[in-house]
Amino acid sequence: MGRGVIQLGSIECGKRSYAGGNRLEELVALYRTVFAEPPSSQWWSKESVIVMFERYFQTGSVLGAFSGEGLVGFAVVQPLASASIISQQTWIEPEQKWRLLDWQLLDEFGLVPDCGYLADLAVAASHRRQGIASELVRLGCQQYPDKPMLLRVSACKSDAIALYLKLGFARIPGLEQRPEYRQQDGSLKTEPKFLMLKDTTSLSGY
């Protein structure tokens, strides 16, 4: 995994399960820092991120990467039934119309409620290009053996898209969501997002 010693493990209820110690503050700080970076430049209040992670702990698995400095990366995986993307407005390119992302549509891609969903992934800038993100995604996929894994990625994040393609994810053509996010300057910005899928035939393709 590159230079330095990195340990991977689950974080439960804000604690690193194999060592203890409160990690919620570290998760919140890392999330706010990473997603504030361009091109997204999102602004998240501390309170809203705490609520987000409390829901993640209740509905899925929070996985961490740790160095001697503390938390340097995390991934969140959930059952697709718990994903925030469900019932969001989605642009259907072949139909040239908006509709809610529902199970009828997802079923066309072999996706059911107990499939996996990669809800979030972040690595500190100081620890990128060491294979940490790849290892976190691999660990996340292991939580849902023999099941497809879905994710949503911002169209502007070319490095993230390249990583997911390398790990065997493929874009679902013709589907796009366009949520709005608060920016660092206080404005609202629409951020187009693609859906990408890793099916069971590529689960070992790391």
Side-chain angles (χ1 to χ4, degrees), residues 1-11 16-19 21 23-44 49 52-53 56 60-78 83 85 116-145 148-172 176-177 179 181 183-184 189 191-199 201-206:
M1 286 179 42
R3 63 184 182 276
V5 178
I6 301 294
Q7 293 178 298
L8 300 178
S10 297
I11 305 173
R16 202 170 94 185
S17 60
Y18 57 81
R23 297 294 181 181
L24 182 57
E25 286 192 8
E26 289 180 273
L27 285 165
V28 171
L30 183 56
Y31 186 99
R32 297 182 72 207
T33 297
V34 169
F35 286 92
E37 297 172 7
S40 287
S41 302
Q42 297 174 12
W43 180 85
W44 290 84
V49 180
M52 182 189 307
F53 274 101
Y56 283 158
S61 299
V62 181
L63 311 170
F66 308 91
S67 73
E69 305 164 17
L71 182 75
V72 296
F74 67 83
V76 179
V77 290
Q78 302 171 293
I85 63 170
Y117 178 65
L118 180 63
D120 264 315
L121 176 69
V123 175
S126 59
H127 285 76
R128 290 175 193 160
R129 303 192 183 283
Q130 298 180 39
I132 295 173
S134 298
E135 289 298 309
L136 285 168
V137 174
R138 179 192 60 80
L139 188 60
C141 287
Q142 289 178 354
Q143 310 294 309
Y144 295 86
M149 179 69 69
L150 186 70
L151 62 81
R152 189 177 74 167
V153 60
S154 297
C156 62
K157 294 186 176 180
S158 56
D159 286 350
I161 293 171
L163 169 69
Y164 294 136
L165 289 171
K166 180 181 177 181
L167 294 177
F169 287 85
R171 182 183 173 186
I172 298 178
E176 183 178 306
Q177 293 186 337
Y181 294 101
Q183 300 294 285
Q184 292 292 309
K189 178 184 174 183
E191 192 165 310
K193 289 178 176 280
F194 302 146
L195 299 181
M196 300 184 74
L197 176 66
K198 185 179 181 70
D199 63 29
T201 63
S202 60
L203 284 173
S204 60
Y206 291 92

If you measure from [atom1] on [X] to [atom2] on [Y], what distance do you get to the nearest 0.5 Å?
X    : Y    : atom1 : atom2 : result
L8   : L139 : CG    : CG    : 6.0 Å
D120 : Q78  : CG    : CD    : 8.5 Å
Q143 : M149 : CD    : CE    : 8.0 Å
S61  : Y144 : OG    : OH    : 5.5 Å
C141 : K198 : SG    : NZ    : 5.5 Å
Y164 : L118 : OH    : CG    : 5.0 Å

Side-chain donor/acceptor pairs under 3.5 Å, residues 156-163, sequence neighbours excluded:
none

Ignoring hydrogens, what is the shortest heavy-atom contact between [X] and [Y]? Give both atom names and the distance.
X    : Y    : value
G140 : V77  : CA-CG1, 3.7 Å
P148 : L197 : CB-CD1, 3.8 Å
L136 : G73  : CD1-C, 3.9 Å
R138 : Q142 : NH1-NE2, 2.5 Å
G64  : L71  : CA-CD1, 4.0 Å

message: Between I85 and L150, is the side chain to side chain contact (heavy atoms under 4.5 Å, CB included) condition met? List the steps.
response: CA-CA 11 Å; I85 63 170; L150 186 70; 3.8 Å; yes

- request: Inspect the surroundings of CD in Q184 and state if more than 12 heavy atoms from other residues, nucleotides or ligands are less than 6.0 Å away.
  value: yes

Mark yes or no for whether [X], through its side chain, and [Y], through its backbone, hold a donor-acceptor pair below 3.5 Å.
X   : Y   : value
S40 : Q42 : no
E26 : G70 : no
Q7  : A65 : no

message: Suppose we call two aromatic rings close when their centres sit under 6.0 Å apart. Are F74 and F53 close by that rule?
response: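 Close enough - the centres of the two rings lie under 6.0 Å apart.
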
message: With a 6.0 Å cut-off on the ring centroids, do W44 and F35 count as close?
response: no

task: For M52 and V28, run side chain to side chain contact (heavy atoms under 4.5 Å, CB included): C-alpha distance rounded to whole Å, both residues' side-chain angles, the deciding distance at 0.1 Å, then the answer.
output: CA-CA 9 Å; M52 182 189 307; V28 171; over 6 Å; no

task: Applying side chain to side chain donor-acceptor pair (under 3.5 Å), name anything that partners E176, two or more places apart in sequence or on another chain.
output: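 For E176 the side chain to side chain donor-acceptor pair (under 3.5 Å) partners, ignoring immediate neighbours, are R178.
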
task: State which residues pass side chain to side chain donor-acceptor pair (under 3.5 Å) with R32; sequence neighbours excluded, sorted by chain then number.
output: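 For R32 there are no side chain to side chain donor-acceptor pair (under 3.5 Å) partners, ignoring immediate neighbours.
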
query: Of all residues at least two apart in sequence or in a different chain, which pass the ring pair (Phe, Tyr, Trp, His ring centres under 6.0 Å) check with F194?
result: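 F194 satisfies ring pair (Phe, Tyr, Trp, His ring centres under 6.0 Å) with no other residue.
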
query: Got a sec, which residues hit ring pair (Phe, Tyr, Trp, His ring centres under 6.0 Å) with W43, two or more places apart in sequence or on another chain?
result: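 W43 satisfies ring pair (Phe, Tyr, Trp, His ring centres under 6.0 Å) with no residue once adjacent residues are dropped.
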
Mind checking whether [X] and [Y] have side chains closer than 4.5 Å, heavy atoms only?
X    : Y    : result
F66  : I11  : yes
P179 : R152 : yes
L165 : M196 : yes

task: Report the residues that fulfil salt bridge (Lys or Arg N to Asp or Glu O under 4.0 Å) with E37, sequence neighbours left out, ordered by chain and then residue number.
output: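 E37: salt bridge (Lys or Arg N to Asp or Glu O under 4.0 Å) contacts with R128.
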
- request: Could you walk me through whether L27 and Y56 pass the side chain to side chain contact (heavy atoms under 4.5 Å, CB included) test, one step at a time?
  value: CA-CA 12 Å; L27 285 165; Y56 283 158; over 6 Å; no

- prompt: Can the positive tip of K189 be found less than 6.0 Å from the middle of the six-membered ring of Y181, inside 45° of the ring normal?
  reply: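 Verdict for Y181: no cation-pi partner in K189.
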
